[in-house]
Amino acid sequence: MSDPIIFHIDVNSAYLSWEAAYRLQKGAQLDLRQVPSVVGGDSQKRRGIVLAKSIPAKSKFKIQTGELLSSARKKCPDLFVVPPNYDLYLRCSNAMVELLYEYSPFIQRYSVDEVFLDFTNMEKQFGDYLTAANTIKARVKEELGFTVNIGIGPNKLLAKLASEFKKPDRVHTLFPEEIPTKLWPLPVGELFMVGRATEKKLLDRGITTIGELAKTPRNKLKLWLKSHGLLIWDFANGIEESSVRPEGFPMKGLGNSTTTPENVADKETARLWLLSLTEKVSSRLRDAHCYAQVVNLSIKTSQFISYGKQKKLLNPTNSTKVIFETGKKLLNELWDEEEPLRHIGISLSSLSSSKSYQLSMFDKLSIDTDSEESFYKAIDKIRAKHGETSLIRSCFLHSTVPPLAGGVDAEEEYPMMSSLL
DNA sequence: TCTGGGGTCCTAGGACCC
DNA sequence: TCTGGGGTCCTAGGACCC
């Protein structure tokens, strides 16, 4: 049994690269990657933030992901801004994953633009890991038109950290013996799972680099940051043992939320948005053959204060109606119409793959009937075949609220990351 | 950085039970 | 009525990731 070799493949400026590659294919003269450019949301709809930036936008104008478009334009008046096209990104991502499967059956989609690949024992077939990684990188560039960084390490954590080194279009390794020179000098905030809050706590205690974190006694971290302290101490020392997770790993929850183009001031409109969001999320739930037992409603006021409220149901459900009715109750309890809303979301958790009837004398009425389920599934089918708006509720007819709001038009669901990679 | 949308995991307090 | 302790479930919120 040979030592584990893990690859982490990371698409360089993913949304922007894909957008650029697509436009070139369509005959565009300009390569977005060569000029200051960003993929950004619609300012008119209050989603005006930078989702991805080109390297010139970053290095010459210090434009950052998550920044307001207005701010980015101030930094660079000639900034090229293109709207996002999630459908395209998913297709690009799928094409890359398909190519990667040629090199190993053990693939984990970590996000739309990041993939882990277990290369252990694959040397005999594809040559040593460096050669293989360079081949993969070159093939993606040639056949798909975008560049990737590939990080190689003995576990997923080190592979991922290695892929963050110099970009774009590079292969890097990070093996245990390289940790002191390649990892430890970096600022502690660059460590995976050290975000803003944790970074501040560490800086306050005089820990500025990953190396300093690694050399701090482990029990101090436990005292300061509980289990999260132990996690990042392990990470600073390169310790991480999770396996490359196969596909079909069960989802834990799913949600749909949106920032409304205008503030919502009345319950009637808020309920319409809620219904619209529920239509989509419950349809995705049915698509995944899941039932949810917890419904969570979240709102954000015009003052950017967030509130959430959740309710556990007696029985798991996938019924649009049950989820909507629950959401409505939660909205009533959560919001008194004092302050207008800018954001509404509904999410579902405690998922199960079957509706286990927990029959009691009192909850007969709460159980969804099979005929109701077939009814919703029939609607899903019609919408899948003829388009989302082929069948809509009449209450949306004379409303500015879209009948199915929010979300990305993902064709398939795949489970997201956890802190355990 | 005056702030999108999709996720996962952890913690802490209260209710309730023995 | 003051005081114990352990366990589980539910809920709200925060931290992190892309």
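Every chain is numbered from 1, with letters handed out A, B, ... down the list of sequences. It should be emphasised that the depicted structure is a prediction, and the values quoted were computed from it without experimental measurement.
Checking the phosphate oxygens (OP1, OP2) of dT11(B), a side-chain nitrogen or oxygen of Ser227(A) falls inside 4.0 Å.
In the set dC17(C), dG4(B), dG7(B), the nucleotide with an atom closest to the side chain of Tyr110(A) is dC17(C). Taking every side-chain heavy atom of Gln310(A) into account, dT11(C) is the closest of dG4(B), dT11(C), dT11(B). Taking every side-chain heavy atom of Thr198(A) into account, dA15(C) is the closest of dA15(C), dG5(B), dA12(B). Nearest to the side-chain atoms of Lys309(A) among the listed nucleotides dA12(C), dG7(B), dG5(B) stands dA12(C).
Helix bend of the helix from dG5(B)-dC18(C) to dC18(B)-dG5(C): the angle between its two end axes, each built from five pairs, comes to 20° after rounding to 10°.
Note: CD (Glu199(A)) to P (dC17(C)) measures 10 Å, nearest angstrom. Between Tyr307(A) atom OH and dG14(C) atom P the separation is 11 Å, expressed in whole Å. Rounded to an integer number of Å, the gap from Leu69(A) CG to dC2(B) C1' is 14 Å. Between the CD1 atom of Ile299(A) and the P atom of dG4(B) there is a distance of 16 Å, rounded to whole Å.
Here side chain to side chain donor-acceptor pair (under 3.5 Å) pairs that include residues 62-71 of chain A, with residues two or more places apart or in two chains, are Lys53(A)-Thr65(A), Glu67(A)-Ser71(A), Glu67(A)-Lys75(A).
Checking Asn12(A) against Ser17(A) by side-chain atom types alone, no donor-acceptor pair falls below 3.5 Å.
By the ring-ring contact (aromatic ring centres under 6.0 Å, His included) test, His172(A) pairs with Phe165(A), sequence neighbours left out. A search for side chain to side chain donor-acceptor pair (under 3.5 Å) contacts involving Ser43(A) returns nothing, not counting sequence neighbours. By the side chain to side chain donor-acceptor pair (under 3.5 Å) test, Lys201(A) pairs with no residue at all, sequence neighbours left out. Listed by chain and residue number, Thr301(A) satisfy the side chain to side chain donor-acceptor pair (under 3.5 Å) test with Glu339(A) (two or more places apart in sequence, or in another chain).
Within the nucleic acid shown, Gly255(A) comes within 4.0 Å of sugar-phosphate atoms alone, with no base atom in reach, counting heavy atoms only.
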